[in-house]
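Step one of this worksheet: look at the structure below.
Each residue takes its place number in the sequence, starting with 1.
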Amino acid sequence: MLITADNSVDRDRPWASFLSSHPDAERVSDLGNRTLFRLPLKRRPPPVRCESRPLAIAAVFDAEGQVDLADLTDNDPHTRWMTPHPQRAGDTLTIDLGRVEQVCGLRLSMGSAAVLYPGALRVAASLDGEAWETSFERERGGAALRAALRDPVRPNLVVPLFAKAARFIRLRIVRSQAEYPWAVANIIVDGS
């Protein structure tokens with residue numbers, strides 16, 4: 001990627017300074033009124049393919065306690081779990097598989113209300129419910145849009161988890177969002 005900082009607009013050169021401080025940015029040329037930088041393309045390793053089977057879920061918990069499991073496993077886009085308020089950083093949904101399994105992914109359906117997707121989501125796995133290892137953390141807006149375009153009735157957010165041994169999976173909102181609550185209509189945990 002090539003980036004040009006327009007020095008006539010960027011008078012104190014904060015953009016050129018910012019780009020110069022980036023460890024991967026290379027200053028290509030300084031033409032007086034423009035400074036050209038190059039950022040190399042960093043390819044992410046492809047996600048591990050999940051030769052999966054849906055795993056049984058023993059229980060799901062939120063801040064109030066145990067959640068009605070039927071609402072999250074009935075494959076009905078109109079039943080769901082939902083936060084009683086707009087999304088807040090720290091809102092959590094914890095899945096208990098009841099035993100340790102090789103977990104390689106999650107499919108979270110927002111059901112008929114695709115706008116209630118988690119804005120920024122962190123997913124962590126645990127063997128004992130005490131020590132957690134983050135497996136995934138990303139913004140979900142683009143993925144939610146793609147999911148809704150693929151299947152407007154049952155949009156599924158796919159979360160790769162790279163074949164981790166886990167009994168518990170914790171989904172946590174990373175950043176507050178003032179307008180919409182977070183809803184999940186269906187959860188499928190994929191195991192290998």
Side-chain angles (χ1 to χ4, degrees), residues 42-77 79-85 87-111 113-114 116-144 146-148 150-151 154-177 181-192:
K42 287 190 171 184
R43 298 192 187 274
R44 289 185 179 162
V48 175
R49 287 283 176 214
C50 184
E51 301 297 329
S52 70
R53 60 182 168 81
L55 300 174
I57 297 172
V60 178
F61 301 88
D62 65 9
E64 303 298 316
Q66 193 163 349
V67 173
D68 184 0
L69 191 57
D71 286 344
L72 294 169
T73 57
D74 62 4
N75 205 26
D76 181 343
T79 61
R80 68 178 57 93
W81 166 87
M82 186 167 46
T83 57
H85 50 261
Q87 293 178 35
R88 294 182 192 148
D91 285 343
T92 302
L93 201 56
T94 303
I95 303 164
D96 180 358
L97 299 173
R99 72 223 153 279
V100 174
E101 294 272 8
Q102 283 298 116
V103 176
C104 60
L106 290 174
R107 287 176 275 161
L108 304 173
S109 175
M110 296 148 306
L116 304 180
Y117 68 90
L121 184 67
R122 177 182 303 139
V123 180
S126 174
L127 294 170
D128 58 7
E130 298 293 323
W132 295 89
E133 182 182 348
T134 298
S135 301
F136 178 90
E137 183 172 336
R138 291 207 187 115
E139 299 284 331
R140 300 284 55 208
R146 285 189 302 276
R150 265 193 314 272
D151 186 346
R154 288 183 177 85
N156 278 311
L157 288 175
V158 176
V159 178
L161 295 180
F162 305 108
K164 300 253 184 227
R167 174 178 171 174
F168 300 96
I169 303 163
R170 183 176 65 199
L171 293 76
R172 180 167 284 165
I173 297 293
V174 177
R175 190 182 63 249
S176 298
Q177 196 272 76
W182 172 29
V184 179
N186 205 59
I187 297 175
I188 297 173
V189 179
D190 291 316
S192 56

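With values rounded to the nearest 0.5 angstrom, I57 atom CD1 is found 7.5 Å from I169 atom CD1. The structure places CG of D190 at 9.0 Å from CG of L161, a figure rounded to the nearest 0.5 Å. In this structure, CD on E101 lies 5.0 Å from CZ on R53, to the nearest 0.5 angstrom. L157 contributes atom CG, which lies 11.5 Å from atom CD1 of I187 (distance to the nearest 0.5 angstrom). Atoms CG and CG, from L106 and L171 in turn, are 6.0 Å apart once rounded to the nearest 0.5 Å. Interatomic distance, L93 CG to L108 CG, rounded to the nearest 0.5 Å: 8.5 Å.
In terms of heavy-atom proximity, G129 sits nearest to F168 at N-CD1, 3.3 Å. Among all heavy-atom pairs drawn from C104 and G191, the shortest one is SG-C, 4.0 Å. Contact between P155 and G111 at its shortest, heavy atoms only, is CD-O, 3.1 Å. Annotation for R140 and L121: closest pair CG-CB, 3.9 Å, computed over non-hydrogen atoms. Heavy atoms only, all atoms of each residue included: I173 and P118 are closest at CD1-CB, 3.6 Å. Nearest heavy-atom pair, P77 versus A185, reported as atom, atom and distance to 0.1 Å: O-CB, 4.3 Å.
The list of salt bridge (charged side-chain N to carboxylate O under 4.0 Å, His left out) pairs with a residue in residues 157-171, not counting sequence neighbours, reads D96-R167, E133-K164. The salt bridge (charged side-chain N to carboxylate O under 4.0 Å, His left out) analysis of residues 59-71, with sequence neighbours excluded, yields no pairs.
Residues satisfying the side-chain contact (heavy atoms from CB on, under 4.5 Å) criterion with A63, sequence neighbours excluded, are absent altogether. For T92, the side chain to side chain donor-acceptor pair (under 3.5 Å) partners at least two apart in sequence or on another chain are R172. Partners of A113 according to the side-chain contact (heavy atoms from CB on, under 4.5 Å) rule, which considers only residues two or more places apart in sequence or in another chain, are R80, L116. Checked against side chain to side chain donor-acceptor pair (under 3.5 Å), R88 has no partners two or more places apart in sequence or in another chain. W81 pairs by the ring pair (Phe, Tyr, Trp, His ring centres under 6.0 Å) definition with W182, not counting sequence neighbours. A search for side chain to side chain donor-acceptor pair (under 3.5 Å) contacts involving N156 returns nothing, not counting sequence neighbours. The salt bridge (Lys or Arg N to Asp or Glu O under 4.0 Å) test applied to R122 returns E137, not counting sequence neighbours. Not counting sequence neighbours, the partners of S126 by the side chain to side chain donor-acceptor pair (under 3.5 Å) test are D128. Residues forming a salt bridge (Lys or Arg N to Asp or Glu O under 4.0 Å) with R175 (at least two apart in sequence, or on another chain): E139.
In this structure the side chain of V60 never reaches within 4.5 angstrom of the side chain of V184, judged on heavy atoms.
Among Q87, M82, H85, the one residue that satisfies the side chain to side chain contact (heavy atoms under 4.5 Å, CB included) test with P181 is M82.
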Worked verdict on T83 versus D91 for side chain to side chain donor-acceptor pair (under 3.5 Å): CA-CA 8 Å; T83 57; D91 285 343; 4.5 Å; no

